[in-house]
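Only one structure is covered here, and it is reproduced in the block below.
Residue numbers begin at 1 in each chain, while the letters A, B, ... track the order of the sequences. All heavy atoms count here, side chains included; hydrogens, waters and symmetry mates do not.
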Number of protein chains: 2
Amino acid sequence: MSRGVSLVYPIPRIMSTEIPLARHLSIVLRHHYATMNDQLRPLGLLVAQVPILLRLSAGQNLTQESLARHFHFDKGAVARAARGLEEAGFVRREVDPGDRRAVRLFLTSAGEALVPEIRRINREWEIRVTEGLDPEEQAAFRSLLGRVASTCLDGRCCRD
Amino acid sequence: MSRGVSLVYPIPRIMSTEIPLARHLSIVLRHHYATMNDQLRPLGLLVAQVPILLRLSAGQNLTQESLARHFHFDKGAVARAARGLEEAGFVRREVDPGDRRAVRLFLTSAGEALVPEIRRINREWEIRVTEGLDPEEQAAFRSLLGRVASTCLDGRCCRD
DNA sequence: ACGCAACAGTTGCCCGGTCAACAAAAAGCG
DNA sequence: CGCTTTTTGTTGACCGGGCAACTGTTGCGT
């Protein structure tokens, strides 16, 4: 595979028309869960909690609802992740005084202290699984995947 | 975006460095489950059973173990999918006479009758989610994803 | 002020998939 | 042949994430 993106793509060893696209997606995603959780568990975390934790490190005092919207997560998923983070002592949850329906999240000092390590672990996984691609291919993969994901989100209204 | 694969990729609306790669994978994969199951349920099927069913349509009398190996599925997942297919009347399970540990799977006539429709539904989903990509981009995406998945499978031995 | 619709969060349940433990059968070895 | 190791399938538990139902709160229209 020469430098840059070629119009001719080699067929990877496990790639065939009989292995569905979704299966490949699942293989990668499951690898993510397993690999990440192996490293996160000793820290008292699970992978579902990582996006919330990292998002809060970039700016606190966010409602669960805004996090759900940001990551395109189901509200229930965010609630559970936030609860887990609270129970582990990494996040403080406070009812919004101006809107008693809303819960606002803040990192504790224990949570803050964890952020560099979680960032490293997170980044490390992405580097590892894309290490077989050159930089342009990596960018291409990210972009194409993002566009497919975008179509899925747009397609939600067409599912009925 | 001109025809063919360009070295410059547009940034999709939801694409940003703060949305992790894994989240995009999950968005697509969850869309797959939801969309497929919406259509499969009225037929008495679930998406987890589709690979098994379609593989059997290409050649029957396969052991569960060979199916697990082929799709890189966990044995338990295949056993459960096969069981579901049997209970729905689409598959017959028989203990291998030459190796009493092994279970061999055969499509019933009801199962055979279902295959064209399942193929259509399956193919339709892939077409839909990649419709925002031109043919070269689709090929690129498939190839890149396959290579990433391949790395994950190869990387399994490095997880310890 | 009141009633209704919309919203934020909680919780139950479901699904897809994995790891692990286990039992039974087969293979391998001395 | 007997014993040990490996193999195939089963099943429990766990995890990530979605949908749906529900509760309490807020916003909106009359």
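Backbone-only contact: A:V47 has heavy atoms under 4.0 Å from sugar-phosphate atoms and none from a base. Among the protein residues, A:L29 comes within range of no part of the nucleic acid, since none of its heavy atoms lies under 4.0 Å from any strand. Residue B:R104 is classed as having no contact, given no heavy-atom separation below 4.0 Å to the nucleic acid. Counting any heavy atom pair closer than 4.0 Å across all strands shown, B:N37 reaches sugar-phosphate atoms only and no base atom.
D:dT23 atom C1' lies 12 Å from atom CZ of A:R101, rounded to whole Å. Atom-to-atom, CG of B:L53 to C1' of C:dG16 comes out at 17 Å; the value is rounded to the nearest Å. When the P atom of C:dT10 is taken as reference, atom CG of A:D74 falls 12 Å away, rounded to whole Å. Counting to the nearest Å, the P atom of C:dG9 and the CG atom of A:L105 are 8 Å from each other. The nearest whole Å value for the distance from the OH atom in B:Y33 to the P atom in C:dC14 is 18 Å. Rounded to whole Å, atom P of C:dA23 lies 18 Å from atom CZ of B:R100. Going from atom CG of A:L25 over to atom P of D:dG16 covers 19 Å, rounded to whole Å. Rounded to a whole Å, the CD atom of B:E94 is 14 Å from the P atom of D:dG9.
With DNA chain D read from its 5' end, the first of the two nearest nucleotides for A:L46 and A:G98 is the one closest to A:L46. Judged by closest nucleotide on DNA chain D, B:K75 is the one of A:R30 and B:K75 placed further toward the 5' end. Judged by closest nucleotide on DNA chain C, A:A79 is the one of A:S26 and A:A79 placed further toward the 5' end.
At a threshold of 4.0 Å, the pair B:E65-B:R101 does not count as salt-bridged, since none of the basic side-chain nitrogens sits closer than that to a carboxylate oxygen. The residues A:R128 and A:E124 are annotated as not salt-bridged, no charged nitrogen and carboxylate oxygen being separated by less than 4.0 angstrom.
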Start with the C-alpha gap between B:S57 and B:R119, add the side-chain angles, then the distance that decides, and say whether side chain to side chain donor-acceptor pair (under 3.5 Å) holds. CA-CA 10 Å; B:S57 75; B:R119 275 214 185 98; 3.2 Å; yes

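For the residue pair B:S26 and B:R23, a side-chain donor N or O sits within less than 3.5 Å of a side-chain acceptor on the partner.
In plain terms, the two heavy atoms of A:L40 and A:L46 that are nearest each other are CD1-C, 3.8 Å. The heavy-atom pair separating B:A81 from B:I52 by the smallest distance is CB-CG1, 4.0 Å.
Of the candidate nucleotides C:dA25, D:dT11, C:dT18, C:dT18 has the atom nearest to the side chain of B:A77. Among D:dC19, C:dA25, D:dT8, the nucleotide with an atom closest to any side-chain atom of B:E65 is D:dT8. Closest to the side chain of A:F73, out of D:dG18, D:dT11, D:dC15, is D:dG18.
Taking 3.5 Å as the limit, the base of D:dG18 and the side chain of A:R80 contain a donor-acceptor pair of atoms between them.
Look at A:Q64 and you'll find a side-chain N or O under 4.0 angstrom from OP1 or OP2 of C:dT10. A:R69 has no side-chain polar atom (N or O) that falls below the 4.0 Å cut-off from OP1 or OP2 of C:dC7. At D:dC14, none of the side-chain N or O atoms of A:R41 fall inside 4.0 Å of OP1 or OP2 (strictly under the cut-off).
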